[in-house]
Colleague: 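Below is the structure I would like to discuss, written out as structure tokens.
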Amino acid sequence: MWRASAHGESELAQLQMMGRALGRVFSHELYHVLTGSSHHAHSGIAQAALTPAHLERYPP
Ligand SMILES: [Zn+2]
């Protein structure tokens, strides 16, 4: 049984947000590894910094 957190999100929702955020950070690092590039873009998975809003937004 999932319980509500202090922020009103269920534990399941928190886990989903965490998984989404980790997946986006992992994808960004994988972009560097696969392309062999350290360059960044202005948007998308290759942008230099991802805000909490970028990490949580669904769909991306
Ligand atoms: Zn980077």
Side-chain angles (χ1 to χ4, degrees):
M1 177 180 208
W2 301 107
R3 57 185 162 78
S5 74
H7 300 289
E9 300 282 352
S10 71
E11 193 171 337
L12 176 59
Q14 291 177 48
L15 289 172
Q16 289 172 329
M17 289 170 56
M18 176 69 82
R20 199 158 37 239
L22 288 175
R24 288 180 181 157
V25 171
F26 179 80
S27 296
H28 177 90
E29 297 308 323
L30 194 59
Y31 152 78
H32 285 302
V33 170
L34 294 177
T35 63
S37 170
S38 60
H39 294 297
H40 291 106
H42 292 290
S43 63
I45 201 67
Q47 67 188 41
L50 297 171
T51 66
H54 285 117
L55 294 174
E56 295 171 359
R57 188 169 42 216
Y58 181 79

Colleague: Report yes or no: do Leu55 and Phe26 belong to one cluster of Ile/Leu/Val/Met/Phe/Trp/Tyr joined by side chain heavy-atom distances under 4.5 Å?
Modeller: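 Cluster IDs for Leu55 and Phe26 differ.
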
Colleague: Roughly how far, to the nearest 0.5 Å, is NE2 of His54 from CZ of Arg24?
Modeller: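 Arg24 CZ to His54 NE2: 9.5 Å, rounded to 0.5 Å.
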
Colleague: Please confirm whether the backbone N or O of Gly44 pairs with a side-chain atom of Gln47, one donor and one acceptor, at under 3.5 Å?
Modeller: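 Yes; judged by distance alone, with no hydrogens or angles, the pair exists.
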
Colleague: Can you say whether the rings of His32 and His28 are parallel (under 30°), tilted (30 to 60°) or perpendicular (over 60°)?
Modeller: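 His32 vs His28 ring planes: perpendicular.
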
Colleague: State, with a plain yes or no, whether a side-chain heavy atom of Leu30 is found less than 4.5 Å away from one of Ile45.
Modeller: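 Leu30 does not reach Ile45 side chain to side chain.
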
Colleague: Report the residues that fulfil side-chain hydrogen bond (donor to acceptor under 3.5 Å, both in side chains) with Ser43, sequence neighbours left out, ordered by chain and then residue number.
Modeller: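 Checked Ser43 against side-chain hydrogen bond (donor to acceptor under 3.5 Å, both in side chains); zero matches.
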
